[in-house]
Amino acid sequence: MRFDQLQLAEPILRAVAEEGYETATPIQEQAIPHVLKGRDVLGSAQTGTGKTAAFALPILHRLAAKPRGSKPTLPRALVLCPTRELATQISDAFRTYGSQLPLRTAVIFGGVRQGPQVGKLKRGVDVIIATPGRLMDLMNQGYVDLSNIEVLVLDESDRMLDMGFINDIRKIVAHVPQQRQTLLFSATMAREIRKLADALLRKPVVVQITPDEPTVDRVEQCVYYVDRKNKQLLLSELVGQLAMTRAIVFTRTKHGADKVVRQLRKTGINADAIHGNKSQNARQRSLDNFKADRVPVLVATDIASRGIDVDGVTHVVNYDITHEPETYVHRIGRTARAGAAGIAISFCDRDEVSNLRAIERLLGERIAVNEDHPPYPDGNSGAPAAPKGRAPHPLDAARGNGGNGGGAGKAANRNQRSRGRRRGPGFGRSGNFKKNRPARTKD
């Protein structure tokens with residue numbers, strides 16, 4: 001369906017056309033008509049499918065068509081989201097799609113001075129895009145009045161629940177009029193999301209988009225079994241070998257992200273980090289440099305797993321394997337966006353094998369093992385049986401599946417040890433990564 005068939009206001013259609021968009025995505029095509037009619041909507045679709053436009057376009061249409069009323073300076077629409085990066089992206093979308101409308105927006109998040117945000121609120125806005133923490137802070141100071149809200153949006157609701165924002169959400173919703181339109185969007189339709197929807201939405205229209213080809217199916221996935229002490233050397237080697245022109249590397253901790261950046265720079269690879277300890281200006285600068293191809297590698301914690309919307313990401317590297325399988329899916333969803341293909345690489349040390357198994361159970365299949373990094377042959381894998389209809393995983397053989405007294409397993413272990421001695425690019429006879437760093441250059 002073309003956008004001009006969705007009965008949106010002409011100024012919005014012109015703005016959309018200027019961005020080069022002609023055809024609505026499935027989530028937009030199914031959600032926009034219901035939002036225009038004032039219905040509550042519970043929407044679920046994968047990341048990168050256009051959920052922001054699915055609520056931003058009809059909200060702009062409805063606000064532009066209705067006078068401001070007796071409280072012209074108070075906000076009429078509120079969008080809650082989990083991270084600063086996502087708040088900025090949603091704000092940019094509202095400004096772009098509403099560029100030819102007399103509507104005002106304000107983005108509110110922590111990590112920056114509140115003065116400019118308070119100034120905008122005092123001058124009057126139509127739409128607030130906010131993270132829950134800073135919004136609650138400004139509400140407690142008396143700077144935010146939500147008594148005039150007509151539309152409430154919860155975007156990436158599953159992520160907000162994961163990050164522990166449920167209490168803040170309840171407190172914020174208590175200040176919003178009960179007579180309102182509520183839109184709840186999520187990448188998943190978990191039980192917790194259904195429970196939240198039951199509490200906030202009235203007779204919602206459920207829009208659930210199941211793609212013909214899930215994002216994970218468009219991503220070429222593989223795992224490298226590597227000891228933690230050798231991960232940095234392996235990463236430096238692969239960045240050059242695999243031509244990672246625009247790659248995101250995910251680490252478990254902020255300290256770990258900074259450490260990876262320092263080591264990459266020592267080997268002559270330009271990289272930036274983005275995490276919660278960075279100021280918002282520093283985070284935005286790193287993201288801008290990444291988008292502009294000035295920095296080929298962005299190292300991030302999971303705060304960015306859903307907050308980065310950059311086209312053309314060629315590789316995602318799970319430097320640390322997350323203990324949350326759903327987070328893995330969102331991480332690798334930073335590549336293969338808008339129908340493109342991508343590559344996801346995971347580094348797995350002995351302590352992370354159980355995390356890898358949990359991810360594979362969620363995916364319903366095993367992730368391919370890089371041949372130069374065979375599984376650990378000492379029984380520390382914890383590998384379950386291979387899913388039905390799929391080829392056995394190397395770890396199944398290594399642990400000796402079957403009831404032959406472990407004989408098959410011992411033979412497999414000997415075979416795995418032999419494989420571990422196979423030479424591959426950058427690997428010695430022990431199977432460990434050789435310390436042949438690229439020549440160092442000055443930053």
Engineer: State the OG-CG distance between S157 and L196, to the nearest 0.5 angstrom.
Structural biologist: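 Between atom OG of S157 and atom CG of L196 there are 6.0 Å.
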
Engineer: Would you name the heavy atoms of Y97 and A15 that are closest together and state the gap between them?
Structural biologist: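 Nearest pair, atom of Y97 first, then A15: O-CB, 3.5 Å.
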
Engineer: Look only at the side chain of Y319 and the backbone of Q232, and say whether a donor-acceptor pair between them is shorter than 3.5 Å.
Structural biologist: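 Between the backbone of Q232 and the side chain of Y319 there is a qualifying donor-acceptor contact (under 3.5 Å).
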
Engineer: Using the side-chain hydrogen bond (donor to acceptor under 3.5 Å, both in side chains) rule, take T327 and R331 through it: C-alpha gap first, then chi angles, then the decisive distance, then the call.
Structural biologist: CA-CA 6 Å; T327 297; R331 283 180 175 185; over 6 Å; no

Engineer: With the threshold set at 4.0 Å, does a side-chain nitrogen-carboxylate oxygen contact exist between R357 and E360?
Structural biologist: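 Counted as a salt bridge, because a side-chain N and a carboxylate O are separated by less than 4.0 Å.
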
Engineer: Which atom names give the shortest non-hydrogen contact between V41 and H34, and what distance separates them?
Structural biologist: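 In this case the closest contact between V41 and H34 is CG2-CB, 4.0 Å.
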
Engineer: Working note: R194 + L42, criterion side chain to side chain contact (heavy atoms under 4.5 Å, CB included); need CA distance, chi angles, decisive distance, verdict.
Structural biologist: CA-CA 9 Å; R194 289 280 189 176; L42 172 58; 4.0 Å; yes

Engineer: What pair of heavy atoms forms the shortest contact from C81 to P132, and how long is it?
Structural biologist: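 So the two residues come closest at O-CD, 3.3 Å.
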
Engineer: Between F347 and V317, is a side chain to side chain contact (heavy atoms under 4.5 Å, CB included) present by the stated rule, with each step listed?
Structural biologist: CA-CA 8 Å; F347 294 171; V317 179; 4.0 Å; yes

Engineer: Closest heavy-atom contact between I345 and I343?
Structural biologist: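 Scanning both residues, the minimum pair turns out to be CG1-CG2, 4.0 Å.
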
Engineer: Between D320 and K231, is the closest basic N to carboxylate O distance under 4.0 Å?
Structural biologist: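 The answer is yes: the pair qualifies as a salt bridge.
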
Engineer: Check side chain to side chain contact (heavy atoms under 4.5 Å, CB included) between A247 and all other residues, then give those that pass, not counting sequence neighbours.
Structural biologist: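 With sequence neighbours excluded, A247 shows a side chain to side chain contact (heavy atoms under 4.5 Å, CB included) to M244, H315, given in chain and number order.
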
Engineer: So does D4 pair up with R14, basic N to acidic O under 4.0 Å?
Structural biologist: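 Judged by the 4.0 Å cut-off on N to carboxylate O distance, D4 and R14 do not form a salt bridge.
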
Engineer: Under 3.5 Å, is there a donor-acceptor pair linking the side chains of Y21 and Q28?
Structural biologist: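 Side-chain D/A pair, Y21 to Q28: absent.
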
Engineer: For D349 and D351, indicate whether the former's side chain and the latter's backbone hold a donor-acceptor pair under 3.5 Å.
Structural biologist: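 Judged by distance alone, yes, a pair lies under 3.5 Å.
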
Engineer: When you measure from the side chain of T314 to the backbone N and O of R246, does any donor-acceptor pair fall under 3.5 Å?
Structural biologist: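 Side chain of T314 to backbone of R246: a pair is present.
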
Engineer: Do the side chains of R265 and R262 get nearer than 4.5 Å, heavy atoms only?
Structural biologist: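 Contact flag for R262/R265 side chains = no.
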
Engineer: Would you call the rings of F55 and F185 parallel, tilted or perpendicular, taking 30° and 60° as the class edges?
Structural biologist: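 Ring orientation, 0 to 90° scale: tilted.
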
Engineer: For V261 versus A271, what's the shortest heavy-atom pair and its separation?
Structural biologist: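 Shortest heavy-atom contact: CG1-O, 3.6 Å.
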
Engineer: If we ignore angles and hydrogens, is there a donor and acceptor under 3.5 Å between the side chains of H330 and D302?
Structural biologist: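 Judged by distance alone, the side chains do not pair up.
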
Engineer: Could you grab the distance from atom CG of L184 to atom CG of L201, nearest 0.5 Å is fine?
Structural biologist: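 Spacing of CG (L184) from CG (L201) equals 6.0 Å.
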
Engineer: Are the side chain of T131 and the backbone of G133 linked by a donor-acceptor contact shorter than 3.5 Å?
Structural biologist: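 Side chain of T131 to backbone of G133, a donor-acceptor pair under 3.5 Å: no, none is there.
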
Engineer: Output, in order, the C-alpha distance, side-chain angles, deciding distance and verdict of side chain to side chain contact (heavy atoms under 4.5 Å, CB included) for V310 and L298.
Structural biologist: CA-CA 11 Å; V310 180; L298 187 66; over 6 Å; no

Engineer: Ignoring hydrogens and angles, tell me if any N or O in the side chain of S99 forms a donor-acceptor pair with the backbone of T96 under 3.5 Å.
Structural biologist: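 Checking the backbone N and O of T96 against the side chain of S99, a donor-acceptor pair under 3.5 Å is found.
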
Engineer: For S91 and R95, which heavy atoms make the closest approach, and how far apart are they?
Structural biologist: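 Shortest heavy-atom contact: OG-NH1, 2.6 Å.
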
Engineer: Distance from R170 atom CZ to F165 atom CZ, nearest 0.5 Å?
Structural biologist: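 Answer for the CZ-CZ pair, R170 versus F165, is 14.5 Å.
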
Engineer: If the test is side chain to side chain donor-acceptor pair (under 3.5 Å), which one of T253, T301, T251, D258 qualifies with H275?
Structural biologist: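 Exactly one option meets the side chain to side chain donor-acceptor pair (under 3.5 Å) with H275, and it is D258.
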
Engineer: Could you tell me whether the side chain of K120 and the main chain of V125 form a donor-acceptor pair under 3.5 Å?
Structural biologist: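 No; zero donor-acceptor contacts below 3.5 Å.
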
Engineer: Determine whether a donor-acceptor pair (N or O, by modelled atom type, separation under 3.5 Å) exists between the side chain of N355 and the backbone of I321.
Structural biologist: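 Checking the backbone N and O of I321 against the side chain of N355, a donor-acceptor pair under 3.5 Å is found.
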
Engineer: Residues in side chain to side chain contact (heavy atoms under 4.5 Å, CB included) with R283, at least two apart?
Structural biologist: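 Partners of R283 by the side chain to side chain contact (heavy atoms under 4.5 Å, CB included) criterion, ordered by chain and then number, come out as R84, E85, I274, K278, Q280, I303.
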
Engineer: Between D40 and T182 (side chain of the first, backbone of the second, donor and acceptor by atom type, cut-off under 3.5 Å), is there such a pair?
Structural biologist: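 Checked: pair present.
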
Engineer: As a quick check of understanding, evaluate side chain to side chain contact (heavy atoms under 4.5 Å, CB included) for T88 and L287, giving each step before the final call.
Structural biologist: CA-CA 11 Å; T88 299; L287 193 55; over 6 Å; no

Engineer: Does a salt bridge link D288 with R294, judged by any charged N lying under 4.0 Å from a carboxylate O?
Structural biologist: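 No.
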
